[in-house]
Amino acid sequence: MPKSRDPPRYDFHAHTYLTDGRVSATDMWTSSRALGHRALAITDHIGIEDPTPLLRHLLQEAEAWVGTDLTTIVGVEITKAPPGRIAEVARRARKLGAEIVIVHGETVAEVVPEGTNHAAIASGEVDLLAHPGLLSEKDAELAARNGVILEVTGRKAHCYTNGHVARLALEAGATVVVDSDAHAPDELLTRAVAERVARGAGLRTADVLKAIESAPQSLLKKLGKL
Ligand SMILES: [Zn+2]
Ligand SMILES: [Zn+2]
């Protein structure tokens, strides 16, 4: 078990068997704590359907962690919803208890509705754009203005464009974090691996630290979790 003085790890993107992950939220939180995480968000996939059962289930599991040294975050990853409906889907999820709303961005690894990146960033309702793929400069600038965090990912294939995302985010002044998008405990990133992913995306030391420590702490504050 990592000691509390070990450098912290924060992750805002992971899945459970309630969508396409392999284990429960409880399993993911238990494993993340053992790896030294201070916070892990469960962000299962939703579309335009009613997320009430999913969120109710996750929020009930999260209750067991109140008062522990792990900050659990219950959220959603809006996935392949029509771009024009992302804002409405995000608002509804939040009303139903989602503590973080992220959007499944236009990864180059699969087909995602065109315009998803822009709709997420422009919505004013989304905290973080996951694996934005070949993000445009304009959308990177809008993300900086709107305070939408851009994700560098440890996820296979979605990671192909990490270097592009990191470069545009830096140039635009947008915030970057490093998430796992883990679908099972063995896909969670330790602090050391997260650092390597950030460096591999082309970030230099100060920006690596920002991406894996100060930006996550600011996001936790914004979410009311710190
Ligand atoms: Zn995704
Ligand atoms: Zn995901």
Side-chain angles (χ1 to χ4, degrees), residues 9-25 27-29 31-32 35 37 39-49 51 54-55 57-58 61-62 72-83 85-87 89-90 93-94 98-121 123 125-135 139 143 148-162 164-166 169 176-189 193-194 197 201 211 216 219 223:
R9 170 74 188 128
Y10 308 94
D11 191 344
F12 298 95
H13 187 170
H15 298 278
T16 74
Y17 60 29
L18 295 175
T19 58
D20 60 348
R22 286 216 308 268
V23 302
S24 68
D27 278 331
M28 293 299 281
W29 283 323
S31 297
S32 70
L35 286 176
H37 287 49
L40 174 67
I42 297 296
T43 51
D44 272 317
H45 301 283
I46 64 165
I48 59 167
E49 76 282 4
L54 172 77
L55 286 166
H57 189 131
L58 292 174
E61 282 190 80
T72 62
I73 305 163
V74 168
V76 292
E77 180 181 18
I78 300 172
T79 305
K80 301 182 188 181
R85 299 193 59 185
I86 285 175
V89 170
R94 230 183 268 278
E99 298 166 310
I100 187 170
V101 175
I102 78 173
V103 167
H104 183 89
E106 293 178 58
T107 171
V108 295
E110 57 188 61
V111 180
V112 176
E114 204 182 328
T116 293
N117 284 353
H118 183 75
I121 290 168
S123 70
E125 303 286 344
V126 170
D127 300 297
L128 182 151
L129 179 61
H131 46 70
L134 292 171
L135 179 73
D139 282 337
V148 177
I149 293 174
L150 301 174
E151 182 190 70
V152 162
T153 179
R155 182 83 177 149
K156 61 189 176 193
H158 292 338
C159 65
Y160 292 159
T161 55
N162 276 349
H164 170 80
V165 171
V176 169
V177 299
V178 179
D179 289 334
S180 66
D181 198 356
H183 286 62
D186 61 2
E187 294 172 355
L188 289 165
L189 306 175
V193 173
V197 172
L219 177 54
L223 302 176

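Both ligands and their constituent atoms are indexed starting at 1 by order of listing. Every heavy atom of this structure was used, including side-chain atoms; hydrogens, water molecules and symmetry mates were not.
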For this session: Look at H45 and state whether any of its N, O or S atoms is less than 2.8 Å from the Zn ion (ligand 1).
Result: no

Exercise. Hey, are R155 and E187 close enough for a salt bridge, meaning a charged N less than 4.0 Å from a carboxylate O?
Worked result: yes

Exercise. About how many Å separate CD1 of I73 and OG1 of T43, when rounded to the nearest 0.5 Å?
Worked result: 9.5 Å

Exercise. What do you reckon, is CD of E49 surrounded by more than 12 foreign heavy atoms closer than 6.0 Å?
Worked result: yes

Problem set entry | Minimum-distance N/O/S atom that H15 presents toward the Zn ion (ligand 2) | NE2

For this session: Could you tell me whether any N, O or S atom belonging to H183 is less than 2.8 Å from the Zn ion (ligand 2)?
Result: no

Exercise. Restricting to N, O or S atoms of D181, which is nearest to the Zn ion (ligand 2)?
Worked result: OD1

Problem set entry | the Zn ion (ligand 1) to E77: nearest N/O/S atom name | OE2

Problem set entry | the Zn ion (ligand 1) to H104: nearest N/O/S atom name | ND1

For this session: May I ask you to decide whether D181 forms a salt bridge with K156, counting only side-chain N to carboxylate O separations under 4.0 Å?
Result: no

Exercise. Should the pair H183 and H45 be assigned to parallel (<30°), tilted (30 to 60°) or perpendicular (>60°) ring geometry?
Worked result: tilted

